[in-house]
Amino acid sequence: MRLNSRAAARPRYGVLDVVTLLFRELVLMVLVFVVLFALGAAAVLTLKKSFTAGASLFVGVGQEYVYQPRVGLSDRGAPPTSAEVTQSEAAILNSLEVKRRVVRAMGVESFQEGGAVPSDPVKQEEAAVRAVGAGLDVSVTPLSPVVGLTYKSDDPDLSARVLNTIIDQYLTYRREVFQDRATPAIQTQRRAFEDELAAADRAYEDFLRTNNIGDFATAKATLGATYQSIFAERMAVQAQLNQAAQRLNTLAAQQRRTPAEIALQQDLNISAQDQILQLRTQREELLSRYQADAQPVREIETRIAQLQAYVGTGTAVGAKEVRTGPNPVWVELETTRINAQAERDALAARLAVLDRQVVDLRTRQSQLTELESRNATLAGNREVLTASIREFQQRETQSRADNELVKAGADNVTVIERAQPPSKGKSLKAPLMIAAFLFAGFTALCVGLIRVFLRRGFVLPSTASRTLQMPVLAVTPMKNA
């Protein structure tokens with residue numbers, strides 16, 4: 001029986017069969033291994049060392065991340081978390097614009113490694129941008145405000161220079177990204193408000209001048225105070241007028257009861273008493289010459305008795321001469337009445353003036369009440385425009401100051417560490433040599449297995465017995481063809 005004869009059944013190999021057959025293909029496998037490993041080793045030996053420069057940035061929460069309404073100074077939003085800000089800054093670092101600016105700042109030739117250079121400048125720039133993107137790595141640590149940067153290239157100085165340029169261009173670009181572009185619009189709106197305020201001022205001044213008002217609030221307050229004062233004075237004058245009128249009536253009544261003329265002087269006729277005194281004097285003289293019962297003495301005594309009897313009747317004394325004139329009381333009452341009448345007339349005239357003033361004040365108050373709504377509208381427009389102008393001026397000033405501070409370096413991004421040229425480079429020769437060795441060995445093994453499994457016929461007795469399920473009784477060598 002020939003073991004290598006053709007058979008319809010597919011050979012079934014065991015593990016020992018495969019190992020035995022692989023040893024038969026050892027020369028081919030070694031040849032394949034040597035060729036592949038030599039090619040891989042040659043490729044690995046041509047690799048250069050890579051130098052990685054590192055830098056780090058501290059990213060804080062700045063004003064640009066806080067929501068601020070365009071109109072109004074309240075209702076500002078809550079600031080984002082540190083992780084959100086870090087992710088945003090990392091996205092700006094990895095942006096294509098930053099890479100393009102780095103290429104333009106350093107020049108395209110800095111990223112050309114001596115290979116085939118495209119003739120088109122646009123393609124050269126795109127290739128340089130891809131080179132920057134391939135060497136740049138931005139790492140963000142969760143819940144940390146620090147952003148790590150690394151750049152890898154074959155030249156240590158180039159790695160440090162490119163990374164520092166990336167940081168500089170990133171800081172410049174982020175200021176442009178977060179630049180407040182609302183300042184010109186705020187200035188335009190402020191000027192528009194100023195024009196509207198000037199028109200509102202003119203309208204309000206025309207309104208005040210037309211209605212003869214200096215200041216509406218002051219005029220209304222003054223008018224109210226004046227009305228109260230005049231009204232109180234009117235009430236007082238009215239009470240005084242009633243008092244003066246009643247006093248005048250009382251004086252007139254008293255004057256009617258008082259006579260206009262009275263006796264100013266009255267001389268009495270007392271000749272009888274004088275005669276009695278004279279007779280008594282004569283009697284005393286007669287007593288010095290006569291006895292008390294003498295005839296002349298008795299005559300005088302008789303005459304004295306008669307006169308005394310006459311005086312005793314009460315008719316001996318009377319008005320001898322009477323002088324009359326004006327009654328002082330009546331004159332005083334007349335003077336007081338005239339004064340009271342003058343005072344009453346003055347109070348009546350004053351009350352009439354006060355009545356007219358009250359009517360005028362009420363009319364003016366009615367006019368101001370009618371004009372109050374228009375005044376409130378015009379004054380409200382002026383106040384709103386003034387407040388808006390003040391607010392926009394404040395926003396404009398703050399925006400300009402913030403831009404100047406950012407230009408001066410007051411930023412929420414701080415460079416913790418700039419890139420320095422690395423002193424040690426990293427090479428992948430050892431791992432790549434191991435990978436080339438393993439690849440060459442694996443490929444050689446695959447070639448041997450392919451040769452084993454593609455071989456036709458039964459090369460080993462065990463393969464024939466296992467495939468045909470028949471015992472192999474003898475093995476004879478195959479003759480040459």
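When each of Val358, Asp360, Val359 is tested with Arg362 by the rule side chain to side chain contact (heavy atoms under 4.5 Å, CB included), just one qualifies, namely Val358.
In this structure, the separation between CG on Asn94 and CD on Glu89 is 12.0 Å, given to the nearest 0.5 Å. With rounding to the nearest 0.5 angstrom, the CD1 atom of Ile167 is 5.5 Å from the CG atom of Leu149. Taking CD of Glu205 as the reference point, atom CG of Leu378 lies at 11.5 Å (rounded to 0.5 Å). Taken to the nearest 0.5 Å, the NZ atom of Lys220 stands 9.5 Å off from the CG atom of Leu223.
Within 6.0 Å of the CZ atom in Phe439, the count of heavy atoms belonging to other residues, nucleotides or ligands does not exceed 12.
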Mind running side chain to side chain donor-acceptor pair (under 3.5 Å) on Tyr204 and Asn375 for me, showing each step along the way? CA-CA 8 Å; Tyr204 191 62; Asn375 175 78; 2.7 Å; yes
Please step through salt bridge (charged side-chain N to carboxylate O under 4.0 Å, His left out) for the pair Arg418 and Asp168, ending with a clear verdict. CA-CA 10 Å; Arg418 281 192 170 270; Asp168 295 336; 2.6 Å; yes
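Side-chain contact between Phe58 and Val415: absent, with no pair of heavy atoms (C-beta onward) separated by less than 4.5 Å. Side-chain contact check for Gln246 versus Asn242: every heavy-atom pair is 4.5 Å or farther apart. Considering only heavy atoms from C-beta on, Lys99 stays 4.5 Å or farther from Val102 through its side chain.
For Glu97 and Arg100, the salt-bridge test passes: some basic side-chain N is under 4.0 Å from an acidic carboxylate O. The pair Arg190-Asp195 fails the salt-bridge criterion, with no side-chain N (NZ, NE, NH1 or NH2) lying under 4.0 Å from an Asp/Glu carboxylate O.
Between the side chains of Gln357 and Tyr227, not a single donor N or O lies within less than 3.5 Å of an accepting N or O. No hydrogens or angles considered: a donor-acceptor pair under 3.5 Å links the side chains of Gln367 and Arg364. In the model, Arg337 has a side-chain atom that pairs as donor or acceptor with a side-chain atom of Gln341 under 3.5 Å.
Residue pairs meeting the side-chain hydrogen bond (donor to acceptor under 3.5 Å, both in side chains) criterion with at least one partner in residues 137-151, sequence neighbours excluded, do not occur; the list is empty.
Under the rule for a salt bridge (Lys or Arg N to Asp or Glu O under 4.0 Å), the partners of Asp201 that lie at least two apart in sequence or sit in another chain are Arg382.
When all heavy atoms of Ala219 and Ile213 are compared, the closest pair comes out as CB-CG2, 4.0 Å. The shortest heavy-atom contact between Leu241 and Arg344 is CD1-O, 3.2 Å.
Ring centroids of Phe437 and Phe33 are separated by less than 6.0 Å, placing the two rings close together.
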